[in-house]
There are 2 protein chains.
Amino acid sequence: MTDIFFNVKKHSDHQKFLKGMELLYFGYRDFISWPDDVLQTYGFGRAHHRILHFVGRNPGLKVAELLDLLNITKQSLSRVLSTLVEKGHVRQDIGSIDRRQRLLHLTEQGQNLLDKITEHQKEHMLKAFKKAGDQSVEGFWKVLSALIADENRTEILDRVNKDMGE
Amino acid sequence: MTDIFFNVKKHSDHQKFLKGMELLYFGYRDFISWPDDVLQTYGFGRAHHRILHFVGRNPGLKVAELLDLLNITKQSLSRVLSTLVEKGHVRQDIGSIDRRQRLLHLTEQGQNLLDKITEHQKEHMLKAFKKAGDQSVEGFWKVLSALIADENRTEILDRVNKDMGE
DNA sequence: TAAATATGTCAACATGACTGACATATTTTT
DNA sequence: AAAAATATGTCAGTCATGTTGACATATTTA
């Protein structure tokens, strides 16, 4: 990579912004599209992947917590979650303290599917991390954290950092 | 920010991947949603914003080049582009050498709209950059560049780096 | 003159989001 | 004990943005 293009001091504020948003757009677009083919073979889409991921990361997550985390409506969640439950990838346990609650877990089948979906995406991201270098990865995390809306940041960072960096 | 959570050496590969993808998801989601309200007052969406942006960045862009850059179909582009042309934000010039081509430019009105849409998003991103620090911004750019699919990277980086870092 | 190319349009479909209202089951409050 | 509140699910309709495949016009190239 031509280092001059990554030298922040040779960029005006406007140029920094343009480069930031364009790289974010293309990097995100390409990264997020990686699992599309695998998802499609199961009749699933990106929203299904998202549910599988966050339920896997937070076993016992309540439906209301998931709605809040993903910032989507009940209808949006229900449409996708129902399919995952029906097909046996997610199971809903009744809350032991509050039996109205539905606590979400991946089934073994769901975990296997998630692993399969994630496999190449993980490989791709780790390869990108290796190429960019450890310090760049730390910077990447810092900028992204700072891009998260103030009102969401604390909760999101708590969840993202769960069980790591200790 | 608690530095320990950004210490890459205290993360396994799996943890690096999880943190990367989750921060990318939330950072992108929140950042991209900023202009939604302004867009909506014009009856526009994110796809309109995208067209305005890339046409503004590449005056004289051919329709086919835009299709290739955004990796979408003619139908998708046409639906959105037509509206922008009809409402006077984009104009199509006939190519002087090849009169079949349509060369896209923002009108003054379109540039004004783009400036308005972009204003708070830019402020937000620059604020995030300031918070994270110059070295983090360089890392951010490097990781995102490496996340772009191999087959897209050269062309995208050429366009992104146009007129900057010299 | 025929073939190829650049672009536009059409209708139908898919995915994933939203609104607003209504429903059941359970817990909490009165 | 009854009413109110809460957790979740469902419904129908709507919207944004993507795709497919076919067909069209205008222009350039062979």
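For the numbers below, each heavy atom of this structure counts, side chains included, while hydrogens, waters and symmetry mates do not. Residue numbering restarts at 1 for every chain, and letters A, B, ... go by the order of the sequence lines.
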Test for a donor-acceptor pair under 3.5 Å between the base of dG16(C) and the side chain of R46(A), counting only N and O atoms.
no
Here the salt bridge (charged side-chain N to carboxylate O under 4.0 Å, His left out) pairs for residues 118-127 of chain A, sequence neighbours left out, are none
**Item:** side-chain N/O T73(A) vs dA17(C) OP1/OP2, d < 4.0 Å
**Value:** no
Across all chains, not counting sequence neighbours, the side-chain contact (heavy atoms from CB on, under 4.5 Å) partners of Q135(A) are Q135(B)
Heavy-atom contacts, protein to nucleotides 23-30 of chain C, under 4.0 Å, summarised as B (base), S (sugar-phosphate only) or - (none) per nt, yield --BBS---
From CZ of R79(B) across to P of dT7(C) the rounded distance in Å is 19 Å
Is it the case that one hydrophobic cluster holds both W34(A) and Y25(A), taking links as side-chain heavy atoms less than 4.5 Å apart, direct or via other members? no
ring-ring contact (aromatic ring centres under 6.0 Å, His included) with Y28(B): of Y28(A), F31(A), F26(A), only one passes, and it is Y28(A)
Practice prompt. Using a heavy-atom cut-off of under 4.0 Å over every strand shown, decide if Q92(B) touches base, sugar-phosphate, or nothing.
Written response: sugar-phosphate
Per atom distances to the A47(B) side chain, the nearest of dG16(C), dT7(C), dT17(D) is dT17(D)
Taking dG8(C), dT10(D), dT20(D) as options, the one with an atom nearest any side-chain atom of Q75(B) is dT20(D)
Here the gap from K19(A) atom NZ to F6(A) atom CZ, rounded to the nearest 0.5 Å, amounts to 6.5 Å
message: dA16(D), OP1 or OP2 - any side-chain N/O from H48(B) closer than 4.0 Å?
response: no
_So, OP1 or OP2 of dT7(C): does either fall under 4.0 Å of a side-chain N or O from S78(B)?_
no
E65(B) atom CD is separated from dA6(C) atom P, nearest whole Å, by 11 Å
When rounded to whole Å, the CG to P distance for the pair L66(A) and dA7(D) reads 15 Å
Whichever of Q40(A) and A64(B) has the more 5' nearest nucleotide on DNA chain C, that residue is A64(B)
Next item on the list: Kindly assign one of parallel, tilted or perpendicular to the pair F129(A) and F140(A), based on the angle between their ring planes and the thresholds 30° and 60°.
Entry: perpendicular
Taken to the nearest whole Å, CD1/I51(B) to C1'/dT17(D) is 11 Å
Look at E138(A) together with K142(A) and state whether they make a salt bridge at an N to O cut-off of under 4.0 Å.
no
In whole angstroms, the gap separating P of dT6(D) from CG of L67(A) amounts to 16 Å
Whole-Å distance, N71(A) CG to dA17(C) P, equals 11 Å
note: D36(B), atom CG; dC18(C), atom P; distance rounded to Å ~ 11 Å
Atom CG of L84(B) and atom P of dG8(C) are separated, to the nearest Å, by 13 Å
